[in-house]
Amino acid sequence: MSFYIAGTGSALPEKVVTNDDLAKFLDTSDEWIYTRTGIKSRHVLTTERLDDLAIQSAKKALEDAGVEGKDVDLIVCATMRGDTYTPSLACIVGEAIGCNAPAFDLNAACVGVLYCMEVADAFIASGKAKTVLIVSAEAMSKLVDWTDRSTCVLFGDGTGAMVVKAGRGRLAGELSSDPDSHVIRMPNFEGLNSPYNRNEQEKLAIYMDGGEVYKFAVNAMGRNIEEVCRRANLTPADIDWYLPHQANVRIIDASLKKFKIDKSKVLLNIAGCGNMSATSIMVLLDEFAKKGTFRKGDKLLFVAFGGGLTSGAAIVEWNKD
Ligand code: UT7
C-alpha cells in the first residue's frame, strides 16, 4: 500500500521583486538573469512570517483533501530553516491545525519534498499512518547574500503543502546523494562561536559554484528519471507530466533533452517564482492541480536536485477524488 495525493495548497509572500528591481542595487540586468535562468521575478518575504504562510498552505491542502487536522497521522516539513529552530515548523503547523500527531522537519535542501514522500510512504507501508501532511517552506531571501549577484538573483520564498492518503498513487521513488558538499554550502548561523572553538567564521550565506551545480544537476536529473522509470516499469515517454525542480530552465531542458519528451508535458513556473528550494515542486503541483491540468490516472514525475548534494525522483499516479 502506498499513497495518493488527496489535496494540495500553497501560499507565497505578497511582494514580487522583478529582475529590474534587483538591477537597481546589483550589477545585473533582466537580460542576464532571464536568458541564463528563465527567471523574471520572485516572491520575497517582507513582514510575513514563514510559519504563517506554511500554516495557510497546510489549511488549503487539508480543505482540498476534505481532511481535518485531527485526522492527520504524521506531519513532515521540508525546510532548510524555519523561523525558529525549535519548535519545528511541522510542530507549529500541527498546533495551528489542531493535530497531535508526530511532527518533524527534514532538511534535504531542494529535494526535501521527495524525501518527505519517502517518509510518508514508509509510515503508510508500515501501518503507522493513513494520512500524512507534507509541508514545504523556504525563506531563501534570509539565506542569501544580497550583495552576491551570482546567487541572490536565483532564489525566491514560498510555502506549499500536500495531503497524502493510503491508496494507489505513488508508483516508485528514488533518492540519492553525491559527496560534493563544497559545491553548495550554507554554514550554520550559530555553533561556530563556542569559546572552545574559535575558528574563523564562515560567511553566513549560501555559497554556490554555479557551474559545478549546473553539471551535477543535468547529470543527476537524467539519472534519477531513468532509475525511477525503471523501478515503476515505465519509460520516460509513458509519463504524462514532468514536474522538475525549478532552478534554471536551461538545466531542465538539458536534463530532459535525451528523453525527447514533448515540451508541453514539462511544467514550469520558474519565470514568476525563481528557485524556492524544496517548495518549488509543491507550488508547481498546486498551481497546475488547481488549473485542472491533471486527469485521473495521469502519471506525474517529480525530479529534483539540491545542496548536499542530494537528488531524487518520484512517479505518482493522479488519483485524487
Ligand atoms: O537549487 C540549486 C541551486 N543552484 C543552481 O541551480 C545553480 C546552477 N547554475 C546555474 O544556474 C548557472 O551556472 C548560473 C545561472 C548561476 C550562471 O550561469 P552561467 O551560464 O554558468 O553563467 P556564465 O558562466 O556564462 O557567466 C558567468 C559570468 C561571470 O562573469 P565573468 O567572470 O565571465 O566576467 C559572473 O561574474 O556572469 C557574471 N554574473 C553575472 N552578471 C550579471 C554572475 N551573476 C551575474 C548576474 N548578473 N546576476
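Start at 1 and go down the list; that is how both ligands and their atoms are numbered. All values derive from a computational prediction rather than experimental measurement.
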Starting from [atom], which protein heavy atom do you reach first, and at what distance in Å?
atom	result
atom 3 (C) of ligand 1	Asn275 ND2, 3.5 Å
atom 15 (C) of ligand 1	Thr37 CG2, 3.7 Å
atom 47 (N) of ligand 1	Thr28 OG1, 2.7 Å
atom 7 (C) of ligand 1	Met208 CE, 3.7 Å
atom 10 (C) of ligand 1	Asn248 ND2, 3.6 Å
atom 5 (C) of ligand 1	Val213 CG1, 3.6 Å
atom 17 (C) of ligand 1	Trp32 CH2, 3.9 Å
atom 18 (O) of ligand 1	Arg36 CD, 3.6 Å

Should [X] and [Y] count as an ion pair when the cut-off is N to O under 4.0 Å?
X	Y	value
Glu212	Lys215	yes
Glu226	Arg230	no
Arg223	Asp178	yes
Asp64	Lys320	yes

Nearest candidate to [atom], where distance is taken over non-hydrogen atoms, out of [options]:
atom	options	answer
atom 8 (C) of ligand 1	Ala23, Gly210, Gly306, Ala109	Gly210
atom 12 (C) of ligand 1	Tyr214, Phe155, Phe305	Tyr214
atom 35 (C) of ligand 1	Met276, Arg149, His245	Arg149

Can you name the atoms of ligand 1, numbered from 1 with element, that are less than 4.0 Å from a heavy atom of [X]?
X	result
Arg250	18 (O), 20 (O)
Cys110	1 (O)
Ile251	6 (O), 8 (C)
Ala247	6 (O)
Ser150	43 (C), 44 (N)

Please tell me if [atom] is touched by the protein, where touching means a protein heavy-atom distance below 4.0 Å.
atom	result
atom 24 (O) of ligand 1	no
atom 21 (O) of ligand 1	no
atom 32 (O) of ligand 1	no
atom 29 (C) of ligand 1	no

[atom1] of [X]: more than 12 outside heavy atoms within 6.0 angstrom?
X	atom1	value
Lys263	NZ	no
Lys257	NZ	no
Phe104	CZ	yes

Thr18 and Asp20: side chain donor to acceptor below 3.5 Å: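 No donor-acceptor contact under 3.5 Å links the two side chains.
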Side chains of Arg42 and Asn19, donor plus acceptor under 3.5 Å: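 Their side chains do contain a donor-acceptor pair, which is all the 3.5 Å distance test asks for.
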Cluster check Leu114, Val316: I/L/V/M/F/W/Y, side chain < 4.5 angstrom: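 Yes, it is one cluster - the side chains of Leu114 and Val316 are joined through contacts under 4.5 Å.
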Pi-cation contact, Tyr242 with Lys265 (under 6.0 Å, within 45°):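 No, Lys265 does not sit over the ring of Tyr242.
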Within reach of ligand 1, part of Leu26 (heavy-atom separation under 4.0 Å):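 Looking at Leu26 and ligand 1, no heavy atom falls under 4.0 Å.
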Region of Val153 engaging ligand 1 - heavy atom pairs below 4.0 Å: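 The answer is the side chain of Val153.
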Residue from Asp21, Asp157, Thr47, Thr46 passing side-chain contact (heavy atoms from CB on, under 4.5 Å) with Lys15: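 It is Thr46; the other options fail the test.
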Geometric class of the Trp241/Phe294 ring pair [parallel <30°, tilted 30-60°, perpendicular >60°]: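 Perpendicular: the ring planes of Phe294 and Trp241 meet at over 60°.
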